[in-house]
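Structure first, then comments.
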Amino acid sequence: MARSPRPDAVSPTPTLAQLRALVAVTDAGGFSEAAAELGVSQSTLSEAVGKLEDLAGRPLLRRGPAGTVPTAAGARVLGHARAALQAAADVMLAAQEPDELRGTLRIASYRSAATHLLPPALVAFRARHPGVRVQLLDSEADACGGGEHAVRSGVVDVAVVVRDDLGDLTLQPLAHDEYLFVAPQSRGEHPVVIEEIGQQTLFLPPSRDTCHLRIRAYLNGHGLSLTNLVENGQDSVILSMVAHGLGVTIMPRLALLPLPPGLLTLPLPVPLLRPLALAVQPQRAQLPVIRAFTDTLIRTLNTPAGAPPLPRPAGRAADPAQLH
């Protein structure tokens with residue numbers, strides 16, 4: 001008769017090397033690809049994953065025509081494996097002193113924010129913390145999958161996001177980026193009415209884009225049905241089309257700086273804002289390197305020379321040493 005486990009029996013615990021192997025193979029889509037990226041042998045990774053599967057009592061990865069993918073159990077394990085690896089790395093980050101920071105800070109941002117919000121802050125941050133290497137990722141790229149997702153999954157440490165209902169992330173307000181109506185210069189500067197937008201071809205980014213969704217909700221909320229909508233993923237192409245009189249568009253102010261020739265911008269009939277914020281996982285918000293970058297970014301934005309031509313968030317100024 002099988003013996004019942006003792007009440008105080010300790011469950012087997014996987015090693016960080018085993019968890020790292022699982023994550024690496026999943027992200028790379030195969031053992032050989034992951035081995036090349038990590039600089040280890042394929043047999044080392046296979047052994048690590050095999051031992052992890054022995055501990056779990058079931059397969060965690062499955063080889064198929066599209067590569068190596070997690071099983072149902074593997075998919076459940078994967079998020080915890082990433083969190084464990086991140087927590088282990090954060091132990092050493094938490095031990096650092098604010099004036100002796102080392103390592104890598106990974107930042108995801110929209111291209112417009114990366115162009116106009118981040119450079120002055122990155123200059124100041126590098127001068128103050130030369131031991132920190134900064135990696136800047138495009139949050140709209142497929143590899144990043146969106147700033148919020150990249151922060152949650154640990155692909156990046158912080159991300160510039162649109163400050164909507166992101167209750168699971170800690171957000172530091174940065175600026176309010178206003179959406180503007182963009183038309184050929186020949187239109188003239190008389191005020192925009194909602195009906196005018198619906199009477200012309202409207203160029204917008206693809207429907208999965210957050211700006212597209214925000215603009216569409218705004219127009220639908222004002223009773224406008226979009227029958228002449230054209231989607232394009234390149235801002236430069238959209239603006240060229242508009243400059244040549246082929247239609248109009250709506251874009252955030254940051255994305256329009258500097259405004260190409262042949263175009264004019266006007267306020268929408270009712271203001272539409274894109275509230276930008278810096279997002280981080282709550283348990284990582286007080287790590288010295290993240291606090292230092294947040295401090296630098298807020299201080300730079302509050303400096304006239306480093307602030308973009310945008311309205312600041314309403315309310316009291318945030319404490320730059322903390323994320324709210």
Side-chain angles (χ1 to χ4, degrees), residues 106-125 134-151 155-156 158-164 166 171-183 202-218 231-243 248-268 271-279 293-294 296-298 300-313:
R106 302 157 300 170
I107 306 169
S109 175
Y110 301 110
R111 285 188 293 271
S112 56
T115 300
H116 300 289
L117 290 183
L118 297 185
L122 292 177
V123 170
F125 184 76
V134 175
Q135 291 182 344
L136 187 59
L137 287 75
D138 182 357
S139 63
E140 296 156 301
D142 289 340
C144 198
E148 301 94 331
H149 173 75
V151 170
V155 172
V156 300
V158 296
V160 177
V161 302
V162 175
R163 195 178 79 244
D164 285 321
L166 303 176
L171 302 176
Q172 167 64 60
L174 298 177
H176 286 142
D177 191 6
E178 182 183 7
Y179 284 87
L180 299 174
F181 175 81
V182 187
L202 178 64
F203 291 97
L204 288 182
S207 56
R208 67 180 182 275
D209 186 278
T210 56
C211 279
H212 178 112
L213 297 174
R214 203 173 196 87
I215 293 167
R216 189 157 200 153
Y218 169 89
E231 298 181 12
N232 191 285
Q234 298 295 323
D235 289 353
S236 58
V237 172
I238 290 178
L239 294 177
S240 180
M241 295 292 182
V242 174
V248 298
T249 189
I250 298 172
M251 283 190 186
R253 186 187 298 274
L254 280 179
L256 294 166
L257 297 175
L259 187 67
L263 296 170
L264 63 80
T265 62
L266 294 167
L268 292 169
L272 174 64
L273 299 177
R274 181 172 68 156
L276 299 177
L278 193 69
F293 176 72
T294 305
T296 303
L297 179 57
I298 296 302
T300 303
L301 290 177
N302 286 330
T303 302
L310 298 169
R312 302 292 296 143

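Everything numeric here is computed off the predicted structure, so don't read it as measured data.
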| task | Sequence neighbours left out, what passes ring-ring contact (aromatic ring centres under 6.0 Å, His included) with Tyr218? Give chain and number order. | result | His222
| Closest non-hydrogen atom pair, Ala124 against Thr296 | CB-CG2, 3.8 Å
| message | Using side-chain heavy atoms (C-beta onward) and a distance below 4.5 Å, is Val151 in contact with Val158? | response | no
| Mind checking whether His176 and Arg163 have side chains closer than 4.5 Å, heavy atoms only? | yes
| query | Got a second to check how far Tyr110's OH is from Leu117's CG, nearest 0.5 Å? | reply | 12.0 Å
| said: Is the shortest side-chain heavy-atom distance between Ile298 and Leu174 below 4.5 Å? | reply: yes
| said: If you define the side chain from C-beta out and look only at heavy atoms, does anything of Leu122 sit under 4.5 Å from Ile107? | reply: yes
| field | Residue pair Leu202 / Val248, side-chain heavy-atom distance below 4.5 Å | value | yes
| remark: For Pro119 and Ala114 the tightest heavy-atom approach is CD-O, 3.0 Å
| Is a side-chain donor or acceptor of Glu231 paired with a backbone partner of Ser207 at a separation under 3.5 angstrom? | yes
| field | For Phe293, all residues meeting ring-ring contact (aromatic ring centres under 6.0 Å, His included), sequence neighbours excluded | value | Phe125
| said: My understanding is that only residues two or more places apart in sequence, or in another chain, count here; which of them pass side chain to side chain contact (heavy atoms under 4.5 Å, CB included) with Val237? | reply: Asn232, Gln234, Met241
| field | Note, Arg111 side chain near Asp138 side chain (heavy atom, < 4.5 Å) | value | yes
| note | Nearest heavy-atom contact between Cys211 and Pro252 is SG-CG, 3.7 Å
| field | CD on Gln172 to CG on Leu301, rounded to 0.5 Å | value | 9.5 Å
| task | Mind checking side-chain hydrogen bond (donor to acceptor under 3.5 Å, both in side chains) for Thr249 and listing every partner two or more places apart, or none if nothing turns up? | result | none
| Under 3.5 Å, side chain of Asp177 to main-chain N/O of Leu254, donor-acceptor pair present? | yes
| query | Would you say Arg106's side chain and Val155's backbone share a donor-acceptor pair under 3.5 angstrom? | reply | yes
| said: List the residues meeting side chain to side chain contact (heavy atoms under 4.5 Å, CB included) with Leu259, not counting sequence neighbours, and say none if there are none. | reply: Leu256, Leu263, Thr265
| field | Atom pair CG (Asp235) and CE (Met251), whose distance is rounded to the nearest 0.5 Å | value | 4.0 Å
| message | Restricting to non-hydrogen atoms, name the atom on Val161 and the atom on Ala279 that form the minimum distance, rounded to 0.1 Å. | response | CG2-CB, 3.8 Å
| query | Partners of Arg214 by salt bridge (charged side-chain N to carboxylate O under 4.0 Å, His left out), sequence neighbours excluded? | reply | Asp164
| note | Rounding to 0.5 Å, atoms CD1 (Ile250) and CG (Leu180) come to a distance of 9.5 Å
